Amino acid sequence: MWTGARWRPGRGARVDYRDIADRVARAIAGGRLKPGDRLPPQRVFAHRHRIAPSTAIRVYGELARRGLVVGEVGRGTFVRAAPPLPGPALAEASGLAPVDLQLNYPVVAGQSELMERALGALARPDVLAEAGRPAAAVGTPGAREAAAGVLARSGWRPDPDRVLFAGNGRAAIAAAVSCLVPPGGRLGVEALTYPLVKAVAERLGVRLVPIAMDGEGMRPDALAAAHRAAPLAAVYLQPSLHNPLSVTAGDARRAEWAHKLRELGLTAIEDATWGFLHPGSPTPLAAYAPERTVFLDSLSKRLSPGLTVGYLVAPEAGRERLAEALRSGAWTAAGFALAAATRWAGDGTVAEVVAAKRADAAARQELVLRHLGGFDIATDPRAYYCWWRLPAPWRAETFVAAAAERGIAVTPGAAFAVGSGRAADAVRIGLASPPRPVLAQALDRLAVLASSDSLASGILDV
C-alpha cells in the first residue's frame, strides 16, 4: 500500500483538494505509484495528510475523475493501468462512449407503457390521498394477496398473512439481517456473495463467514462445519441463479439445506431476487423449511429500481419481530409504491414484463456465447450476468483497469469474495443495461483484450 509524502498545511491554511490530487497524480506519472498499487483507506489518508475526511473523499473522487484510480467494492482504491497502452483494441475504442457492465438493471421495450396503465388509475385525488399515507410493514390485505401471486412459483404460494413489505430488495435484506443477527454476530454466506450483503453487514456490525460452494451453491457439510466451529446466528444464500455464478440448487440440495437448518437450529435468508428469470426453478427453500426461512424478493429487477417494493415472507413465529425491524430501521415501503405495485401485479403488468425480460436475457446470453464462448465462462442461459475466469496472466484488477481504458466497466471478482483470502482472477459481466448492439461490441472488445497475452504481461510488469 502506498503511503506517499505527507501534505503539511500550515496553521489556518486553506486546503485545496485539487492540490493534493496533483501530488498523487505526480507520484503516478513519476512511477512512484504503479498500476495495481492500492491507496490507503480514505480515513487513513486524511489522518496522514492532516486533512478532513471530507477532503480526502474529494481527493479520491478527483483522482477517479481524471481516470488515474479505480475503486473496487470491498477492496479499496487502486492505481489504474497507465495509458497509453499499445495495441489495436485501444485504438478501436478511442472516442467511444463508456459501456457500463457493472450496473445490471434490465429494461425492455414497451415496459414504461405497460407500467403507465396502473399509474393512470392512481391519479384520482381520493386514490392519491390514500396512497400518500405511510404504509405499514404488513401492507393491506389486497397488497398481501397480490404479492403472494407475484411470489408464487413451482407449486409454492406463500401464505399472504406472512408477507411483509420493504422499500426495495436491499431494504428487505437489511431488515432480515438486523432482525436475525445481533451486532458482533456471525452470518454465514456463500464464499462469493452479493456485494450489498457485505456492505449491510459492515454497517450493522455483523461478521460474514464464507461457506464453501460447489456446483449447486453452498455446501451443507461446510455450513455445518462452520456453525460447529463457532455458532452462526443465521445464513444468507441465493438458491436460484446465484449472483455472480448463476448456479441453481436442485430439489435434493434444498431439502438437504432444510434438514441442516433444523438440525443446527439456524434460520436462512433466502434471496430470490433473480429467480424470476428461471420459470422452471425448483421449489423455494421456504417451502421445505417455512419455519426456518425468511424469503426475500422485490420488483427492482422485474420492473424498475426506482418504482419498486421489496417482499419478505416471514416464518409464522417471527413475523412480528421482522415487522418491527422494518419499522425501526425505516425500511418499510412507501404508500404510493405499494399501491402501484399492487395494481401492476393485479393487471398483468408484472407477468408481461417478466416474460419480455426472460426473452431478452436469453438473447443476451447468445451474445455471450458468440463473443466469449472460447473462454472460461460460468453462467446460465437464463441469467443477466456471467462470471468470467480470466486467462493467465491476467489479474482481475489489471483487467478491470485495462477494460476501463477501453471504455468498458466490469466488476472485479473481489467485490463478491468474502474473507481475507485473494479472490479468483475473475470478473462479473452484467448483461442487462446497455442496448444489445452496444453489448455485442463491448463483449467483442473484451474478448480481444483478454486474448492479448503480451498486453497482459506488459501491464503486470510495469
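Quick caveat, the model's predicted, so the values are computed rather than measured.
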Residue pair Val400 / Phe78, side-chain heavy-atom distance below 4.5 Å: no
Could you tell me if the side chain of Arg406 sits less than 4.5 Å from the side chain of Val448, heavy atoms only? no
Go through the steps to decide whether Leu261 and Leu285 satisfy the test side chain to side chain contact (heavy atoms under 4.5 Å, CB included), and finish with yes or no. CA-CA 11 Å; Leu261 293 176; Leu285 175 61; 4.1 Å; yes
Does any donor atom in the side chain of Asp271 or Tyr236 lie under 3.5 Å from an acceptor atom in the other side chain? yes
Centre-to-centre under 6.0 Å for Tyr194 and Trp274, is that the case here? no
Gln441 side chain reached by Asp444 side chain, heavy atoms, under 4.5 Å: no
Grab the two heavy atoms, one from Ser300 and one from Tyr105, that are nearest each other, plus how far apart they are. O-CD2, 4.5 Å
Any side-chain to backbone donor/acceptor pair from Lys260 onto Asp221? Under 3.5 Å, distance only. no
Met115 backbone acceptor or donor facing Thr349 side chain under 3.5 Å: no
Strictly by modelled atom types, are Arg254 and Ser240 linked by a side-chain donor-acceptor pair under 3.5 Å? yes
Tell me, yes or no, whether the heavy-atom count around Arg162 atom CZ, taken from other residues, nucleotides or ligands under 6.0 Å, exceeds 12. yes
Rounded to the nearest 0.5 angstrom, the CD-CG distance for Glu216 and Asp251 is 9.5 Å
Does the pair Val181 and Leu204 meet the rule for a side chain to side chain contact (heavy atoms under 4.5 Å, CB included), with working shown? CA-CA 9 Å; Val181 188; Leu204 295 176; over 6 Å; no
Indicate yes or no for a side-chain donor-acceptor contact from Arg144 to the backbone of Val138 under 3.5 Å, with no hydrogens or angles considered. yes
Arg436 side, atom CZ; Leu431 side, atom CG - distance, nearest 0.5 Å: 11.5 Å
Is any side-chain heavy atom of Leu101 less than 4.5 Å from a side-chain heavy atom of Leu439? yes
Heavy-atom check, side chain of Met218 versus side chain of Val235, under 4.5 Å: yes
Can you check whether Glu145 reaches Pro160 side chain to side chain, under 4.5 Å on heavy atoms? yes
Sidechain-backbone polar pair: Arg186 side chain, Ala230 backbone, donor-acceptor under 3.5 Å: yes
Distance in Å, Thr248 OG1 paired with Gln238 CD, rounded so as to fall on 0.5 Å steps: 10.5 Å
When every non-hydrogen atom of Glu256 is compared with those of Pro220, the smallest separation belongs to CD-CG, 3.6 Å
Kindly compute the distance separating CZ (Arg364) from CG (Leu443), expressed to the nearest 0.5 Å. 10.0 Å
Hey, would you say the Trp257 and Tyr288 ring centroids sit under 6.0 Å apart? no
Residues His242, Met213; criterion side chain to side chain contact (heavy atoms under 4.5 Å, CB included); working and verdict: CA-CA 11 Å; His242 172 276; Met213 304 175 65; 3.7 Å; yes
Are Tyr385 and Leu241 close enough that some pair of their side-chain heavy atoms sits under 4.5 Å apart? yes
Are more than 12 heavy atoms, taken from residues, nucleotides or ligands other than Glu263, located less than 6.0 Å from that residue's CD atom? yes
Any Leu446 side-chain heavy atom under 4.5 Å of His371 side chain: no
Quick check: closest heavy atoms across Glu270 and Phe295, and the distance to 0.1 Å? OE1-CD1, 3.4 Å
Do the side chain of Arg153 and the main chain of Leu151 share a donor and acceptor less than 3.5 angstrom apart? yes
Passing option when Trp387 is tested against Leu192, Asn243, Thr379, Ile377 for side-chain contact (heavy atoms from CB on, under 4.5 Å): Leu192
Separation between CG of Asp376 and CH2 of Trp388, rounded to the nearest 0.5 Å: 10.5 Å
To check you understand the geometry: which heavy-atom pair defines the closest contact between Leu312 and Ala166, and what is its length? CD1-CB, 3.9 Å
Show your reasoning for whether side chain to side chain contact (heavy atoms under 4.5 Å, CB included) applies to Arg228 and Leu264. CA-CA 9 Å; Arg228 288 165 182 152; Leu264 302 173; 4.0 Å; yes
Asp159 vs Arg319, salt bridge (Lys or Arg N to Asp or Glu O under 4.0 Å): CA-CA, chis, key distance, verdict: CA-CA 12 Å; Asp159 178 354; Arg319 180 173 176 270; over 6 Å; no
Of all heavy-atom pairs linking Ile211 and Arg219, the shortest is CG2-O, 4.1 Å
Give me the atom names and distance for the closest heavy-atom approach of Ala176 to Val294. CB-CG1, 4.3 Å
Interatomic distance, CZ@Phe399 vs CG@Leu449, rounded to 0.5 Å, equals 4.5 Å
Between Lys301 (side chain only) and Gly275 (backbone N and O only), is there a donor and an acceptor less than 3.5 Å apart? no
Neighbour count >12 (heavy atoms, 6.0 Å) for atom CZ, Arg207: no
More than 12 heavy atoms from other groups under 6.0 Å of CZ on Arg203: no
Is a side-chain N or O of Gln365 found less than 3.5 angstrom from the main chain of Ala383, in a donor-acceptor match? yes
Without swapping roles, check the side chain of Thr77 against the backbone of Leu39 for a donor-acceptor pair under 3.5 Å. no
Is the backbone N or O of Ala432 less than 3.5 Å from a side-chain atom of Asn104, with the two atoms forming a donor-acceptor pair by type? yes
Check this for me: Glu202, atom CD, are more than 12 non-hydrogen atoms of other residues, nucleotides or ligands nearer than 6.0 Å? no
I'd like to know if the side chain of Lys198 reaches the main chain of Thr193, judged simply by a donor and an acceptor atom lying under 3.5 Å from each other, with no hydrogens or angles considered. no
